[in-house]
Amino acid sequence: MNVRRIEVPLRIYHEDTDAGGVVYHANYLRYMERARTDWLYERGFDHERVAHEHGILFMVRSIEIKFQRPARLGDNLLAVAELAGMRHGLMTFRQSVMRGEQSLVRAQVVVACVTAKDFTVAVIPPTLANFLGVEG
């Protein structure tokens, strides 16, 4: 497994689509969230334990997204999350939703490390960065 990338299989159900059978645009954010969360889970990351032991949380700071093609009812897709960089209190992910080799949506998502107490930006602890298998 590439330490920086994960692919999460998805199937599009009726609940994901509008009346025309096309995936509603906001659902792509859910699919990308799932991929980022699985990226962390694959590394043994536990949100509750990290909040308790380190007093930090991770929150989306910004998303730049480009919709390229629609997904439809019954499609089999992949939600992809790839760590593009990590600096101080920020992790940047390149993300996409794919149908085979065809890119449907691409995004750059910046996730901030914040204190659990007052949500101010915090530096990702070096031990946590090492645990995640990446260098700060």
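Sequential numbering from 1 along the given sequence is applied to the chain's residues. Computed from a prediction, not measured in an experiment: that's the story for all the values here.
Contacts of R94 classified as salt bridge (Lys or Arg N to Asp or Glu O under 4.0 Å), with partners at least two apart in sequence or in another chain: E82. Checked against side-chain hydrogen bond (donor to acceptor under 3.5 Å, both in side chains), R72 has no partners two or more places apart in sequence or in another chain. When the side-chain hydrogen bond (donor to acceptor under 3.5 Å, both in side chains) test is applied to Y31, the partners found at least two apart in sequence or on another chain are D16. In this structure H52 satisfies the side chain to side chain contact (heavy atoms under 4.5 Å, CB included) test with no other residue, sequence neighbours excluded. Residues forming a side chain to side chain contact (heavy atoms under 4.5 Å, CB included) with N76 (at least two apart in sequence, or on another chain): R11.
A pairwise comparison of heavy atoms in A79 and A35 identifies O-CB, 3.8 Å as the closest pair.
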For residues 53-71, please give each side-chain donor-acceptor pair under 3.5 Å, one per line with the distance, not counting sequence neighbours.
| residue | atom | partner | partner atom | Å |
| --- | --- | --- | --- | --- |
| Q68 | OE1 | S103 | OG | 2.5 |
| R69 | NH1 | S103 | O | 3.3 |

Report all side-chain donor-acceptor pairs from residues 111-124 shorter than 3.5 Å, counting only partners two or more places apart or in another chain.
| residue | atom | partner | partner atom | Å |
| --- | --- | --- | --- | --- |
| T115 | OG1 | D118 | N | 3.4 |
| T115 | OG1 | D118 | OD1 | 2.5 |
| T115 | OG1 | F119 | N | 3.4 |
| T115 | OG1 | T120 | N | 3.4 |
| T115 | OG1 | T120 | OG1 | 3.3 |
| D118 | OD1 | T120 | N | 3.3 |
| D118 | OD1 | T120 | OG1 | 2.9 |

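M86 and V80 fall into different hydrophobic clusters, where Ile, Leu, Val, Met, Phe, Trp and Tyr side chains are chained together by heavy-atom contacts under 4.5 Å. By the criterion of side-chain heavy atoms lying less than 4.5 angstrom apart, applied directly or through intervening Ile, Leu, Val, Met, Phe, Trp or Tyr residues, I6 is grouped together with L40 in one hydrophobic cluster.
Note: Q95 CD to L29 CG = 9.5 Å, rounded to the nearest 0.5 Å. Note that CG of L77 and OH of Y28 are 7.0 Å apart. Values are rounded to the nearest 0.5 Å. For the atom pair CG (D75) and CE (M98), the distance works out to 13.0 Å, reported to the nearest 0.5 Å. Separating the CG atom in L73 from the OG1 atom in T17 is a distance of 5.0 Å, to the nearest 0.5 Å. For the atom pair CZ of R99 and CG of L104, the computed distance is 4.5 Å after rounding to the nearest 0.5 Å.
Ionic pairing of R36 and E33 is present here: one or more N-O contacts between side-chain nitrogen and carboxylate oxygen are shorter than 4.0 angstrom.
Among pairs with a residue in residues 104-115, none fulfils salt bridge (Lys or Arg N to Asp or Glu O under 4.0 Å), at least two apart in sequence or across chains. Residue pairs meeting the ring-ring contact (aromatic ring centres under 6.0 Å, His included) criterion with at least one member in residues 90-116, sequence neighbours excluded, are W39-F93.
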